Amino acid sequence: QVQLQESGPGLVKPSQTLSLTCTVSGGSITTNYYYWSWIRQPPGKGLEWMGAIAYSGSTYYSPSLKSRTSISRDTSKNQFTLQLSSVTPEDTAVYYCARDLKVVVTTKDDYWGQGTQVTVSS
């Protein structure tokens, strides 16, 4: 049974970098042919796919966030990370990590973490 767990600060100040880690158990992040994504949901809004890292290590980003987003992984720890720079209050959201066979994810079709609340505020 694959499980995903998000972790990181719940509060980030404007202009700082948001950094989250997804720890995966029950399956390797290098196993083909899965993609490992970050998705967020602002309050009262729908899911927004941010980006993903593939089993191969290739990365993919939402065009609207590409300039601020970086996804990386540590295969020795079976973790992948999200960094979102220059945050503003509009980045306040519940952040999820997820596994799926497709790279762009907006539906909970496979395995998802429970989500973690991140608030951007001074």
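Since we're looking at a predicted model, the values are computed, not measured.
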Find out whether Arg99 and Val105 are in side-chain contact, i.e. whether some heavy atom of one side chain is under 4.5 Å from a heavy atom of the other. no

Do Thr17 and Ser85 pair up side chain to side chain, a donor and an acceptor below 3.5 Å, judged on atom types alone? no

Contacts of Gln79 that satisfy side-chain contact (heavy atoms from CB on, under 4.5 Å) - sequence neighbours left out: Thr21, Thr23, Lys77

Leu11 with Leu20, same ILVMFWY side-chain cluster at under 4.5 Å: no

Working to the nearest 0.5 angstrom, can you tell me the gap between Trp112 CH2 and Cys97 SG? 9.5 Å

side-chain contact (heavy atoms from CB on, under 4.5 Å) with Thr88: which residues, sequence neighbours excluded? Glu90, Asp91

Yes or no on side-chain contact (heavy atoms from CB on, under 4.5 Å) for Tyr34 and Leu101, after CA distance, side-chain angles and deciding distance? CA-CA 5 Å; Tyr34 290 105; Leu101 286 170; 3.6 Å; yes

Can you confirm whether Val2 sits close enough to Val24 that some side-chain heavy atom of one is under 4.5 Å from a side-chain heavy atom of the other? yes

Check step by step if side-chain contact (heavy atoms from CB on, under 4.5 Å) holds for Val118 and Val12. CA-CA 7 Å; Val118 178; Val12 184; 4.1 Å; yes

Distance, nearest 0.5 Å, that separates OG1 of Thr69 from CG of Leu84: 5.0 Å

How close do Val87 and Arg68 get, counting heavy atoms only, and between which atoms? CA-NH1, 3.9 Å

Pro9 and Ser19 have their tightest heavy-atom pair at CD-O, 3.4 Å

Kindly determine whether Trp49 and Val104 satisfy side-chain contact (heavy atoms from CB on, under 4.5 Å), including the steps that lead there. CA-CA 6 Å; Trp49 178 79; Val104 179; 4.0 Å; yes

Would you give the length of the straight line joining atom OG of Ser70 to atom OH of Tyr61, rounded to the nearest 0.5 angstrom? 4.5 Å

Side chain to side chain, Met50 and Leu82, heavy atoms closer than 4.5 Å: yes

Measure across Ile29 and Asn78 and return the closest heavy-atom pair with its distance rounded to 0.1 Å. N-OD1, 3.0 Å

I would like to know whether Thr107 and Asp109 meet side-chain hydrogen bond (donor to acceptor under 3.5 Å, both in side chains); could you show each step before the answer? CA-CA 6 Å; Thr107 305; Asp109 292 329; 4.6 Å; no

All side-chain contact (heavy atoms from CB on, under 4.5 Å) counterparts of Ser64, not counting sequence neighbours: Glu48, Ser62

Residue pair Leu18, Tyr95: steps toward the side-chain contact (heavy atoms from CB on, under 4.5 Å) verdict: CA-CA 11 Å; Leu18 181 160; Tyr95 285 75; 3.8 Å; yes

Measuring from Ser72:OG to Ile53:CD1, what's the distance to the nearest 0.5 Å? 6.5 Å

Walk me through whether Ser28 and Thr30 qualify under side-chain hydrogen bond (donor to acceptor under 3.5 Å, both in side chains). CA-CA 5 Å; Ser28 173; Thr30 64; 2.8 Å; yes

Check the pair Phe80, Trp38 against ring pair (Phe, Tyr, Trp, His ring centres under 6.0 Å), reporting the backbone distance first and the verdict last. CA-CA 10 Å; Phe80 63 103; Trp38 287 100; 5.5 Å; yes

For Tyr55 and Arg73 the tightest heavy-atom approach is O-NH1, 2.9 Å

To check you understand the geometry: which heavy-atom pair defines the closest contact between Ala52 and Val103, and what is its length? CB-O, 3.8 Å

When you compare the side chain of Ser15 with that of Ser86, does any pair of heavy atoms fall below 4.5 Å? no

More than 12 heavy atoms of other residues, nucleotides or ligands under 6.0 Å from NZ of Lys108: is that the case? yes

Determine the minimum heavy-atom distance between Glu6 and Tyr96, stating which atoms define it. OE2-CA, 3.2 Å

Distance check, rounded to the nearest 0.5 Å: Ile71 atom CD1 versus Ser58 atom OG? 12.0 Å

